[in-house]
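Input: a single structure, listed below in structure tokens.
This chain uses plain numbering: 1 for the first residue, then up along the sequence. Note that ligands are numbered from 1 as they come in the structure, with each ligand's atoms numbered from 1 the same way. Note that the coordinates shown come from a computational prediction; the quantities given were computed from them, not determined experimentally. Atom set for the values below is all heavy atoms of this structure, side chains included, hydrogens, waters and symmetry mates excluded.
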Amino acid sequence: MQNKEIIERINKLKKEKNAIILAHTYQNIEIDEVADYTGDSLYLSRMAAKTDADIIVFAGVYFMAETAKILSPEKKVLLPNTKSGCLMADMINLKQLREFKNTHPDIPVVCYINSTAEVKSESDICCTSANAVDVVRALGAKEVLFVPDTHLGTYVGRQLKNVRVITYPGHCPTHDRITPADITEMKQKHPQAKVLAHPECKSEVLELADFVGSTTAIMKHASESRSKSFIIVTEKGVVDRLKRDYPDKEFLPVSDRAICPSMKLNTLDDILNVLENDLNEIHVDSGIAKKAFKTIERMIKL
Ligand code: 13P
Ligand code: SF4
């Protein structure tokens, strides 16, 4: 079947079944043709919480669909491809979180949204890359435990001089692969270009950036900036969308290696298949979901 026909069938099914499609900015760009909302994790979780659709198809990775289910338990949440996990979220499980907490007792735990429902259920508050600094500041604690992303946690600690952020040693392999040499090489070739980076990158990389922010924040900054050329230091999906949306500006991927293989698993065919046949429904244990809901809700209320 041609993409055009698949898109038409998906759009027809969305109306018939009162479904919406949420797509992360790292998805294959053609998925935007059927997406109702495209954006970063914070934006998409807000959309999942407030939609009155009966079905949410989450074009993203497993923890995102799981978070949507926790926020909207009465809705059917479908994941186009069940293999699309997040390697960083899988770097900490409940046992490891408990050990981490035991080593540092009585310190509040901030969990990045890129984590399992179980990890969320035993954390105090959730955050995304868009609001991590604000969330930790709002806690008002002198020390916090930050899981699972050591790079985002370190970045938060550097922004908040009065808070000691103790990080768990997890990371996103896609962002961790990016090196300071990648940036300096690109800067040598394109000296006018501004460097826009995601806080999942190492601190040595972030130190070389002109702007640090979530995927949506990077896109907003690029659209509003007077500069015409940008080196984009995050997953390639952001570069693809920027090129499409702002054709008069130049967007350069920092490296060919900045691709998240899990994010790229979902296809238009998969979306049609799950929507047509109600497949790959996400279920979360109700006890865990209730506790995880509180952790996410605290963040959303901020
Ligand atoms: P944001 O959506 O918060 O920019 O995070 C990127 C990411 O890695 C999602 O998996
Ligand atoms: Fe997980 Fe990294 Fe992929 Fe985001 S880009 S889904 S953090 S592996």
Side-chain angles (χ1 to χ4, degrees), residues 22-28 31-32 35 37-48 58-68 79-92 110-116 119-120 126-136 146-153 155-156 167-178 196-202 205-206 209 211-222 232-242 253-266 296 299-300 302:
L22 304 182
H24 191 268
T25 34
Y26 294 165
Q27 290 291 289
N28 292 308
I31 287 180
D32 285 5
Y37 303 101
T38 303
D40 67 5
S41 310
L42 181 63
Y43 174 72
L44 296 178
S45 49
R46 286 203 175 118
M47 293 303 128
F58 211 121
V61 288
Y62 193 89
F63 78 80
M64 295 181 174
E66 198 175 51
T67 304
L79 183 65
N81 186 319
T82 45
K83 292 200 179 84
S84 53
C86 167
L87 288 170
M88 164 153 56
D90 294 339
M91 285 183 190
I92 186 165
V110 180
C111 73
Y112 190 24
I113 199 162
N114 297 33
S115 54
T116 63
V119 164
K120 289 185 179 82
C126 191
C127 74
T128 74
S129 67
N131 63 16
V133 175
D134 294 335
V135 165
V136 174
F146 195 97
V147 301
D149 188 3
T150 186
H151 299 321
L152 179 61
Y155 172 73
V156 171
T167 68
Y168 185 83
H171 63 267
C172 161
T174 301
H175 289 86
D176 191 70
R177 284 197 274 277
I178 301 168
L196 314 185
H198 195 281
E200 285 178 17
C201 297
K202 297 181 179 101
V205 167
L206 297 181
F211 175 83
V212 176
S214 73
T215 52
T216 296
I218 288 176
M219 293 189 68
K220 187 164 179 282
H221 184 89
I232 303 299
V233 191
T234 188
E235 212 272 348
K236 186 180 165 285
V238 174
V239 181
D240 297 340
R241 284 167 177 83
L242 284 168
V254 65
S255 149
D256 296 342
R257 290 166 286 128
I259 292 182
C260 173
S262 308
M263 281 281 184
K264 299 306 192 214
L265 287 175
N266 298 315
I296 306 165
M299 167 188 83
I300 290 188
L302 280 180

Are the side chain of [X] and the backbone N or O of [Y] linked by a donor-acceptor pair below 3.5 Å?
| X | Y | value |
| --- | --- | --- |
| Asn266 | Gly60 | yes |
| Gln27 | Met263 | yes |
| Lys236 | Ala258 | no |
| Lys120 | Ser115 | yes |
| Thr216 | Asp40 | yes |

Can you report which non-hydrogen protein atom sits closest to [atom], along with the distance?
| atom | result |
| --- | --- |
| atom 10 (O) of ligand 1 | Asn114 ND2, 3.3 Å |
| atom 3 (Fe) of ligand 2 | Cys260 SG, 2.4 Å |
| atom 5 (O) of ligand 1 | His198 NE2, 3.3 Å |

Only heavy atoms of [X], strictly under 4.0 Å: list the atoms of ligand 1 that pass.
| X | result |
| --- | --- |
| Glu200 | 5 (O), 6 (C), 7 (C), 8 (O) |
| Ser214 | 4 (O) |
| Met64 | 9 (C), 10 (O) |
| Ser129 | 1 (P), 3 (O), 4 (O), 5 (O) |
| Ser41 | 1 (P), 2 (O), 3 (O), 5 (O), 9 (C) |
| Tyr112 | 5 (O) |
| Thr215 | 1 (P), 2 (O), 4 (O) |
| Asp40 | 1 (P), 2 (O), 4 (O) |

Could you pull out, from Val61, Ile259, Asn114, the option with a heavy atom nearest to atom 4 (Fe) of ligand 2?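 Going through Val61, Ile259, Asn114 one by one, Asn114 has the nearest heavy atom to atom 4 (Fe) of ligand 2.
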Hey, is there an N, O or S on Cys172 sitting under 2.8 Å from atom 2 (Fe) of ligand 2?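 Yes.
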Using 30° and 60° as the class limits, which term best fits the ring planes of His175 and His198: parallel, tilted or perpendicular?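 Ring orientation, 0 to 90° scale: tilted.
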Are [X] and [Y] close enough that some pair of their side-chain heavy atoms sits under 4.5 Å apart?
| X | Y | result |
| --- | --- | --- |
| Val147 | Cys111 | yes |
| Cys201 | Tyr155 | no |
| Arg241 | Thr38 | yes |
| Glu235 | Thr215 | no |

Would you say His24 and ligand 1 have an N/O pair spaced under 3.5 Å apart?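 Yes, at least one N or O pair falls under 3.5 Å.
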His175 to ligand 1: N or O pair under 3.5 Å?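 So ligand 1 has no N or O lying under 3.5 Å from an N or O of His175.
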Just jot down the ligand 2 atoms closer than 4.0 angstrom to any heavy atom of Met88, in number order.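 Every atom of ligand 2 under 4.0 Å from some heavy atom of Met88: 7 (S).
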Measure from atom 3 (Fe) of ligand 2 to each N, O or S atom of Cys86 and report whether any distance is below 2.8 Å.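 So Cys86 does not count as coordinating atom 3 (Fe) of ligand 2.
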Ser41 versus Thr128, side-chain donor and acceptor atoms under 3.5 Å: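 Thr128 vs Ser41: no donor-acceptor pair found between side chains.
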Would you say Tyr26 and Ser262 are linked by a side-chain donor-acceptor pair, where the criterion is simply a distance under 3.5 Å?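 No donor-acceptor contact under 3.5 Å links the two side chains.
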Looking only at heavy atoms, is any part of Thr25 under 4.0 Å from ligand 1, and if so is it the side chain, the backbone, or both, or is it neither?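 No part of Thr25 is near ligand 1 at this cut-off.
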Tell me whether Tyr26 reaches ligand 1 (any heavy atom closer than 4.0 angstrom to a ligand atom).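 So Tyr26 counts as touching ligand 1.
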Decide whether the shortest distance between a heavy atom of Glu200 and an atom of ligand 2 is less than 4.0 Å.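 Yes, Glu200 has heavy atoms under 4.0 Å from ligand 2.
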